[in-house]
Each structure stands twice: as C-alpha cells, then as structure tokens.
Amino acid sequence: MNRIQIVKQKIQYLDEAEAKSILLLIYAKLDSAIHYGDEELIKETATEIFDMYENLPHKMLN
C-alpha cells in the first residue's frame, strides 16, 4: 500500500469532530504562514501539515 492510500485509510477512521479540528488547525497554520511568514515559514508549515497526515493514528483493533 502506498503512502497516499495509508493516509486515506487513516482519514476514514476519523470521526467528524476530529476531522473538523484537523481542518481548523491546518487553516490556522496556513493563515499564519501566508500572512505573516516568509518563504522558509511557508515551507516549514507545509512540512508540518504533511507530517500531521503521516502521524494520524491507525485504528485500534480490539
């Protein structure tokens, strides 16, 4: 399974509240980077957002 498929699967495990929280966090990070940052901060923000997706938890199996 490639990385995109793994992230897609992790996203499907999120409930609505978790998904909305992540979207708001992403928006806040992008807003700060675009309006108050330089090129380096924008790159750092993109990396943080990418890592956020990579670090989404896997569904716990019982």
Side-chain angles (χ1 to χ4, degrees):
M1 195 179 315
N2 66 33
R3 285 189 301 178
I4 292 173
Q5 290 172 326
I6 292 169
V7 170
K8 181 180 175 184
Q9 189 176 47
K10 289 179 180 184
I11 290 170
Q12 290 174 342
Y13 295 141
L14 296 174
D15 64 24
E16 184 178 347
E18 292 168 329
K20 285 180 178 181
S21 294
I22 290 170
L23 285 173
L24 184 57
L25 181 61
I26 290 169
Y27 178 82
K29 287 182 170 292
L30 289 172
D31 183 60
S32 293
I34 290 170
H35 291 105
Y36 305 109
D38 56 7
E39 185 175 323
E40 185 62 30
L41 180 59
I42 292 169
K43 289 169 87 174
E44 288 174 17
T45 301
T47 300
E48 284 179 29
I49 292 170
F50 182 81
D51 291 344
M52 187 184 314
Y53 280 102
E54 291 285 316
N55 295 320
L56 287 173
H58 292 277
K59 182 174 174 111
M60 300 298 290
L61 300 176
N62 293 333

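These numbers come from the heavy atoms of this one structure, side chains and all, not from hydrogens, waters or symmetry mates.
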So do E54 and K10 actually touch side chain to side chain, heavy atoms under 4.5 Å?
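Not in contact.
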When clusters are formed from ILVMFWY side-chain contacts under 4.5 Å, directly or step by step, what else is grouped with L24?
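Traced through the cluster, L24 reaches no other member.
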Hydrophobic cluster partners of L30 (side-chain heavy atoms under 4.5 Å)
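Members alongside L30: V7, I11, L14, I22, L25, I26, I49, M52, Y53, L56.
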Could you check whether atom CD1 of I4 has more than 12 heavy atoms from other residues, nucleotides or ligands sitting under 6.0 Å from it?
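No.
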When you look at CD of E16, are more than 12 heavy atoms from neighbouring residues, nucleotides or ligands closer to it than 6.0 Å?
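Incorrect, the count does not exceed 12.
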Under the side chain to side chain contact (heavy atoms under 4.5 Å, CB included) criterion, do H58 and Q9 qualify, and how do the steps go?
CA-CA 8 Å; H58 292 277; Q9 189 176 47; 5.5 Å; no
To the closest 0.5 Å, what do you measure between CG (D15) and CD (E18)?
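That separation rounds to 4.0 Å.
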Got a sec, which pairs hit side-chain hydrogen bond (donor to acceptor under 3.5 Å, both in side chains) with one end in residues 35-50, sequence neighbours left out?
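Found K29-E48, D31-H35.
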